[in-house]
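Written out below as structure tokens is the structure these notes cover.
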Amino acid sequence: MTSLLQNINDEVLRTYIFWVAVLVVKMLAMSLLTGRQRFRKKVFANPEDLPPAKKGATPKFDDPDVERVRRAHRNDLENILPFFTVGLLYMLTNPEPFIAINLFRAVAVARILHTIVYAVVVIPQPARGLSWGVAYAATAYMAVKTALFFL
């Protein structure tokens with residue numbers, strides 16, 4: 001086990017930790033963005049969150065703006081969390097630092113752009129698909145390289 005940890009380049013590890021922290025902050029911001037949309041549109045999913053002045057108001061689950069932000073957040077969970085795991089394991093393969101560092105950057109920047117074009121300033125396709133694809137391809141590449149290394 002010790003020999004595997006020696007494969008981790010310090011600069012690669014520092015870059016990975018930085019971008020993971022940035023993506024965690026980005027994912028936390030998605031909760032705030034969802035809340036902002038709910039308050040802006042006055043659309044709440046729980047009865048206790050409804051304004052007391054609105055007698056007979058019911059929770060609403062189908063507001064398109066709120067749901068767009070929630071879908072973007074769910075997409076983050078489906079794609080960023082695997083990157084966290086695969087990126088860490090990929091470092092154990094002693095990758096070329098230039099490649100590893102740029103893969104980490106590519107995933108993070110692509111995921112940030114994905115959120116912007118999906119939930120903040122909606123831009124038509126292929127912007128969202130391209131940003132999703134870049135991060136997906138980089139994560140898949142790291143997963144395959146890691147699996148082959150430990151085969």
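Numbering starts at 1 and runs along the sequence shown. Note that the coordinates shown come from a computational prediction; the quantities given were computed from them, not determined experimentally. Side chains included, hydrogens not; waters and symmetry mates left out as well; all remaining heavy atoms used.
Taking the side-chain contact (heavy atoms from CB on, under 4.5 Å) definition, one finds that Val24 meets it with Val20, Leu28, Phe84, sequence neighbours left out. The salt bridge (charged side-chain N to carboxylate O under 4.0 Å, His left out) check on Arg38 picks up nothing, with sequence neighbours excluded. By the side-chain contact (heavy atoms from CB on, under 4.5 Å) test, Ala110 pairs with Val134, Ala135, sequence neighbours left out. Under the rule for a salt bridge (charged side-chain N to carboxylate O under 4.0 Å, His left out), the partners of Asp63 that lie at least two apart in sequence or sit in another chain are Lys41. Shown here are the salt bridge (charged side-chain N to carboxylate O under 4.0 Å, His left out) partners of Glu11, two or more places apart in sequence or in another chain: there are none. When the side-chain contact (heavy atoms from CB on, under 4.5 Å) test is applied to Ala127, the partners found at least two apart in sequence or on another chain are Val117, Ile123. For the salt bridge (charged side-chain N to carboxylate O under 4.0 Å, His left out) test, residues two or more places apart in sequence or in another chain that qualify with Glu78 are Arg74.
Annotation for Tyr136: hydrophobic cluster partners, listed by chain and number, are Trp132 (ILVMFWY side-chain heavy atoms under 4.5 Å, direct or chained). Membership of an apolar cluster is not assigned to Val25, as no side-chain contact below 4.5 Å to another ILVMFWY residue is traced.
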Side-chain polar contacts of residues 85-104 - donor-acceptor pairs under 3.5 angstrom, sequence neighbours left out - could you list them?
residue, atom, partner, partner atom, Å
Thr93, OG1, Tyr90, O, 2.6
Asn102, OD1, Arg105, NH1, 3.3
Asn102, ND2, Phe98, O, 2.8

Please tabulate, one pair per line, all N/O donor-acceptor pairs under 3.5 Å involving side-chain atoms of residues 144-151, not counting sequence neighbours.
residue, atom, partner, partner atom, Å
Thr146, OG1, Met142, O, 2.7

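The residue from Arg40, Arg36, Arg71 that alone fulfils the salt bridge (Lys or Arg N to Asp or Glu O under 4.0 Å) condition with Asp65 is Arg40. Checking Arg111, Arg70, Arg128 one by one against Asn75, the side chain to side chain donor-acceptor pair (under 3.5 Å) holds for a single residue, Arg111.
To the nearest 0.5 Å, atom CD1 of residue Ile80 and atom CD1 of residue Ile112 are 8.0 Å apart. Between Leu130 atom CG and Gln125 atom CD the span is 8.0 Å, to the nearest 0.5 Å. Taking NE2 from His114 and CD1 from Ile116, the interatomic distance works out to 11.5 Å, rounded to the nearest 0.5 Å.
The shortest distance between side-chain heavy atoms of Thr139 and Val107 falls below 4.5 Å. Within the 4.5 Å cutoff, the side chain of Thr15 has no heavy atoms near those of the Phe18 side chain.
Applying the salt bridge (charged side-chain N to carboxylate O under 4.0 Å, His left out) rule to pairs touching residues 17-28 yields Lys26-Asp76, sequence neighbours excluded.
Note on Val66 and Val122: separate hydrophobic clusters, where clusters join Ile, Leu, Val, Met, Phe, Trp and Tyr whose side-chain heavy atoms are under 4.5 Å apart, directly or indirectly. Under the 4.5 Å side-chain heavy-atom criterion for grouping Ile, Leu, Val, Met, Phe, Trp and Tyr, Val109 is connected to Leu23 within one hydrophobic cluster. Hydrophobic clustering of Ile, Leu, Val, Met, Phe, Trp and Tyr side chains at less than 4.5 Å, counting indirect connections, unites Val121 with Val69.
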